[in-house]
Amino acid sequence: MDPLGSVIVETGRCIFSFFFTSIATLIKLQHNTGRLRKEFEKLEDRKNGIEEDVEEIEQEVQPMLEKADRLAVQGCGPCCNILPRYRLCRRMAKKQLEVRQLISSCCFDNVVMDKKSPVRAVEKQQGPSLAGQREAEEMIEKLMELLKGDENKRIAVWGMGGVGKTTLVRNLNNELESSSLMDSIDIVIWITVSKDLDLKKVQSQIAKRLNLELDPNEVIEERAKMLLKRLMMKKFLLILDDVWEHIDLDIVGVPQTDDQANRKILLTTRSLDVCRAMMTDEEIKLDVLKQEAAWNLFAQNAGDVVEVPSINPLARAVAKECSGLPLALKTVGKSMRNKRRIELWKHALHHLQHSDPHIKHIEDEVYRRLKLSYDSLPSKILQSCFLFCSLYPENYSIRTDELIQCWIADRLINEHQPLEDCFNDGIALIETLKDSCLLEQGDCAGTVKLHDVVRDVAIWISTKQGSEEPCASILFTNITKPPKQFSGFSELTVILLVGNPINKIHDNLFAGLRKVRVLNLSQSHIVTLPPSLSQLQKLRALILRDCCYLEKLPSLGALRKLLVMDLSGTRLRELPNGTSKLKKLQELHLSRTHHLETIEAGTISGLQSLELLDMSFSAYKWDIRCNVDYGKASFNEILTLDRLSIVKLRLDKVDSVTLDSAWLMKLREFNIQISPGSCDSNHLATQHDEKRAILRGVDLMGIKGLNGLLDTASALDLVICGGISALSELSISHRLSSLQSVKSLSISKCDCITSLISGDNISGTILPNLEHLSLNRLENLGAILFGMVPRKGCLKWLKTIEVVDCKKLRALISFALLQQVKNLEQIKVKNCSKMKYIIGGEVSAEMIPKLRVIELSDLPMLKTICSRLPAWPALEMIEVRNCPMLTKLPFATSNGVAATLKEIRGELQWWNRLIYSNDEIKSRLQQRFQPLKPLQC
């Protein structure tokens, strides 16, 4: 056959095949229509249970069926259009497969006719009710309000183990069913995550709640697609209970777009780090119960026996040992339920007081559950740091700087780095323990402590695992005579005898303890230490702070590994012999050594590793001339310490020492007090990274040698000083440019001061970087700003003003001063008897764009805060106490009541006397009013 013929034949075959296939497909149209209709009818039977999926496919199937019906009516004559029928038939066949897949694998069991119950909006969670517990009910109400707001898409409830997070959120879940919040939510999905995260398990729990069946053998990504598709049709609240680590919700299949006002997540966790990783918008910390609520919970579990007069005091003592932790209160309460023998209650109290878990169930139900937080710490170092804290006594507030010193000495922090890095490492460890709810804020600033039950768990852990390096901790047990020797404790590394009224230590107590690294005898009554101290040749921290009877120490020359020595608050008259040999010493604390007279020449200069020298409020005199003549250490020895970065000391005068700017600039932190003849310690401590100068009882005009100090200080305190009428005079008398380094300024009891800044004294700017201003007991202060001053530069970064006991001050902020302080955030005024107004002149919102807080108290003549504003851009809080003549608040209209305003505090009697421009303003302010309780005398 010729080529042309072959082509014609092949073409004919193709055309015939096409027409044959097309005709076959068209013949099946009626058959496919019937099959599709039947399959879809099955799907409609299940429409109530899976309405969203059906709706999606229904929108595609119904038009097909309608079109098929029309084509069937038209018939298939010679003139019919074959191509549309062909395309429709192919689409219907494909859609038929999708419907079958939806029936068989996506939404139904293998048996199609088995119907599932419809999805409930809220599934009740089993657990104890919190009804009637006021604090818990308030917390639930707070969570409800947060969930209603559009801005909070992710909310966390966090706190220590056993504090009741799950119980709280279960109660919230159960209350949602009758809440108006469900008007904007289709479904609440409760997922228990637990410690060993299994993303497939999380997916399965979500799918089960949605009546969606996932193939257990399918990869997690495919399962996520199906979940995402379903959840995108829902307005939901996803509750993730007991979260221990970050959950990637994208991998799970939970929608993550920013515009999801009605798709919210609420999680519970023990760790604030988890909250950060989950990028929560609001974190609510759940604390332990207060005393009354704790007792009620304990009594509820222990039964009526706690009301028996002979048992009640013991029961209350047992409940107190649980320290408000609900898990412990319930466990111990149940273990003592209806036990009527006093001996049993005494037995329980004894074991609780001695951290002994021999009470029934307390080890399994309390200690092991709390130990999970310890097990989850990311490093062995953190675990050791936590266990170290248990060496301190129950409910003891531990100074963070002391704790870090001990961690460094016990090799938990690398000492082969600058002191600042060691401190930062220590703070990071402390914050991690706090974020894990294993450590909490202490009773004072700069302290931390262990919750009593957490401390018991730490002691239990140490006992169970058997510490490789045993520690001794004899604390607050009122012992007056320690043992003569720690026989059998040759491996001892830490000795803490804090706060014991020990007045004498036996000569051989330290014999044989060659591995001790930390010795802390703070707040004891010792007068001296024995020579056997020198046998502690591996000692790295010697802490004797506030041993107020300690007068003498033996030679310390043998303690060559010592890194930290704290002798603050002792009665030492001279620094111990051999101190100059402590070549590795990094920290020397001698603050409040009011009797210290002698430091041998060469002692300080020999400490070439020293990074911190704290001699604040010490009586030692650094005068160069006298010290050289009498063989004592001079100030010049301090200047030889190249590694020194923190200095705190007191000087009688500055004309005989060198306080040049270059040396001061090298220091990371200093607190230098110039106070002739006084070592009074009644003053603020230096903040971290701060350079503070304190001038006390000096003539500011006559004193010389201040230039370097005033040029470099970031905080300046003037106390009982004279010689100037305005601070601006300092810049003239000492040839200072502008006090530009000063960020915090406090002036107290300086009767010569009549104004802070006087236009008569300056030609340029002054205090351009000042952020915090405190004026206290300035008897003659008439104005903060007096005269004409440069319009720009002065006080432009001022954030807070606090004025107390300034009797002649009639106005706080004049109109001229108002032009300067555009960054002002807080105003606090107290006990200024002639103060009539706070801000003078016509005020506009542009003048106070950042003002957040106004606190006023004991101002008998105050009539107005300022002129009424149409709007307050940033105001959050006003507090008024004992200001009887203040009868109007500065709001011109109801719209002027700031959206940012959270509360107005004041006495109820004052509030009831206020005058309003209209009832609408009154109504809006009333919503924010909180009555103040009367001050206790």
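The figures that follow rest on heavy atoms only: side chains count, while hydrogens, waters and symmetry mates do not. Residue numbers start at 1 and run along the sequence shown.
Side-chain atoms of Trp910 and Leu886, non-hydrogen and from C-beta on, do get closer than 4.5 Å to each other. Counting heavy atoms from C-beta outward, Ile848 and Trp872 have side chains that approach closer than 4.5 Å. No side-chain heavy atom of Ile747 sits less than 4.5 Å from a side-chain heavy atom of Ser774. The side-chain heavy atoms of Tyr837 and Ile865, taken from C-beta on, include no pair separated by under 4.5 Å. With contacts defined as side-chain heavy-atom distances shorter than 4.5 Å, the pair Leu143/Ile155 qualifies. The side-chain heavy atoms of Leu817 and Leu812, taken from C-beta on, include no pair separated by under 4.5 Å. Taking the side chain as every heavy atom from C-beta outward, Leu286 and Met139 approach each other to under 4.5 Å.
Ring geometry, Tyr916 versus Trp911: the interplanar angle exceeds 60°, so the pair is classed perpendicular (tilted spans 30 to 60°).
Side-chain polar atoms of Glu802 and Asn776 form no donor-acceptor pair below 3.5 angstrom. Between the side chains of Asn823 and Lys850, at least one donor-acceptor pair of N or O atoms lies under 3.5 Å. Side-chain contact of Ser616 with Asp614: a donor-acceptor pair under 3.5 Å is present, judged by distance alone. With no hydrogens or angles considered, a side-chain donor-acceptor pair links Glu283 and Thr280 at under 3.5 Å.
When all heavy atoms are compared, the tightest approach of Ala874 to Thr900 is C-OG1, 3.3 Å. When every heavy atom of Cys275 is checked against every heavy atom of Trp158, the shortest pair comes out as SG-CB, 4.1 Å. Taking all atoms of both residues into account, the shortest heavy-atom contact from Asp699 to Gly723 is OD1-CA, 3.4 Å. When all heavy atoms of Lys863 and Met885 are compared, the pair lying nearest together is CE-CE, 3.4 Å. Of all heavy-atom pairs between Asp443 and Ser397, the closest is N-OG, 2.9 Å. Here the shortest heavy-atom pairing between Met877 and Leu901 reads N-CD1, 4.0 Å.
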Requested in this report: Check the pair Ile813, Ile801 against side chain to side chain contact (heavy atoms under 4.5 Å, CB included), reporting the backbone distance first and the verdict last.
Outcome: CA-CA 10 Å; Ile813 301 175; Ile801 299 179; 4.2 Å; yes

Report task. Would you please test Leu716 and Leu718 for side chain to side chain contact (heavy atoms under 4.5 Å, CB included) and show each step? Result -> CA-CA 7 Å; Leu716 176 60; Leu718 307 179; 3.9 Å; yes

Requested in this report: Given salt bridge (charged side-chain N to carboxylate O under 4.0 Å, His left out), test Lys830 with Asp805 step by step and report yes or no.
Outcome: CA-CA 7 Å; Lys830 180 178 180 180; Asp805 286 330; over 6 Å; no

**Report entry** Candidate pair Arg905 and Glu879, rule salt bridge (charged side-chain N to carboxylate O under 4.0 Å, His left out), full reasoning
**Finding:** CA-CA 5 Å; Arg905 304 176 193 162; Glu879 180 176 309; 3.0 Å; yes

Requested in this report: Starting from the C-alpha separation in whole Å, work towards a yes-or-no answer on salt bridge (charged side-chain N to carboxylate O under 4.0 Å, His left out) for Arg154 and Glu282.
Outcome: CA-CA 7 Å; Arg154 297 191 182 192; Glu282 192 80 28; over 6 Å; no

Query - salt bridge (charged side-chain N to carboxylate O under 4.0 Å, His left out) evaluation trace for Lys434 with Glu440 - result: CA-CA 5 Å; Lys434 287 168 71 175; Glu440 58 189 48; over 6 Å; no

Query raised in the report: Yes or no on side chain to side chain contact (heavy atoms under 4.5 Å, CB included) for Arg881 and Glu907, after CA distance, side-chain angles and deciding distance?
Result: CA-CA 6 Å; Arg881 188 189 293 273; Glu907 299 116 326; 3.5 Å; yes

Query raised in the report: Would Ser645 and Leu667 count as a side chain to side chain contact (heavy atoms under 4.5 Å, CB included) if you check the C-alpha gap in whole Å, the side-chain angles of each, and the deciding distance to 0.1 Å?
Result: CA-CA 5 Å; Ser645 63; Leu667 298 176; 5.5 Å; no

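Counting only distance, with no hydrogens or angles, the side chain of Thr400 and the backbone of Gly446 share a donor-acceptor pair below 3.5 Å. Using a distance-only test at 3.5 Å, with no hydrogens or angles considered, a donor-acceptor pair links the side chain of Ser741 to the main chain of Asp711. Of the possible polar contacts, one joining the Ser728 side chain to the Ser758 backbone as a donor-acceptor pair under 3.5 Å is found. Checking side-chain atoms of Thr765 against main-chain N and O of Pro768 turns up no donor-acceptor pair under 3.5 Å. In terms of modelled atom types and a separation under 3.5 Å, the side chain of Asn780 and the main chain of Asp751 share a donor-acceptor contact. Arg696 places no side-chain N or O within 3.5 Å of a backbone atom of Gln673 that could act as its donor or acceptor partner. Formation of a donor-acceptor pair under 3.5 Å by the Glu903 side chain with backbone atoms of Gln930 is not found in this model. Proximity of a side-chain donor or acceptor of Ser591 to a complementary backbone N or O of Met615 within less than 3.5 Å is not detected. Side chain of Trp797 to backbone of Lys743: no donor-acceptor contact under 3.5 angstrom is found. Formation of a donor-acceptor pair under 3.5 Å by the Glu729 side chain with backbone atoms of Ser725 is found in this model.
With values rounded to the nearest 0.5 angstrom, Asn671 atom CG is found 6.0 Å from Phe617 atom CZ. Annotation: the span from Cys866 atom SG to Leu889 atom CG amounts to 10.0 Å, rounded to 0.5 Å. The distance from the CG atom of Leu727 to the CD1 atom of Ile784 is 12.5 Å, given to the nearest 0.5 Å. Atom-to-atom distance recorded for Leu147:CG and Lys264:NZ is 6.0 Å, nearest 0.5 angstrom. Atom CG of Leu818 sits about 11.5 Å away from atom CD of Glu842, to the nearest 0.5 Å. For the atom pair CD (Gln820) and CE (Met847), the distance works out to 12.0 Å, reported to the nearest 0.5 Å.
Salt bridge absent: Lys691 and Glu669 never bring a charged side-chain N and a carboxylate O closer than 4.0 Å. Ion pair Arg276/Asp273 flagged as a salt bridge, since at least one NZ, NE, NH1 or NH2 atom sits closer than 4.0 Å to an Asp/Glu carboxylate oxygen.
Atom CD of Glu141 is surrounded by 12 or fewer heavy atoms from other residues, nucleotides or ligands within 6.0 Å. Atom NZ of Lys807 sits in a crowded spot, with more than 12 heavy atoms from other residues, nucleotides or ligands closer than 6.0 Å. Taking a 6.0 Å sphere around CG of Asn912, one finds it holds more than 12 heavy atoms contributed by other residues, nucleotides or ligands.
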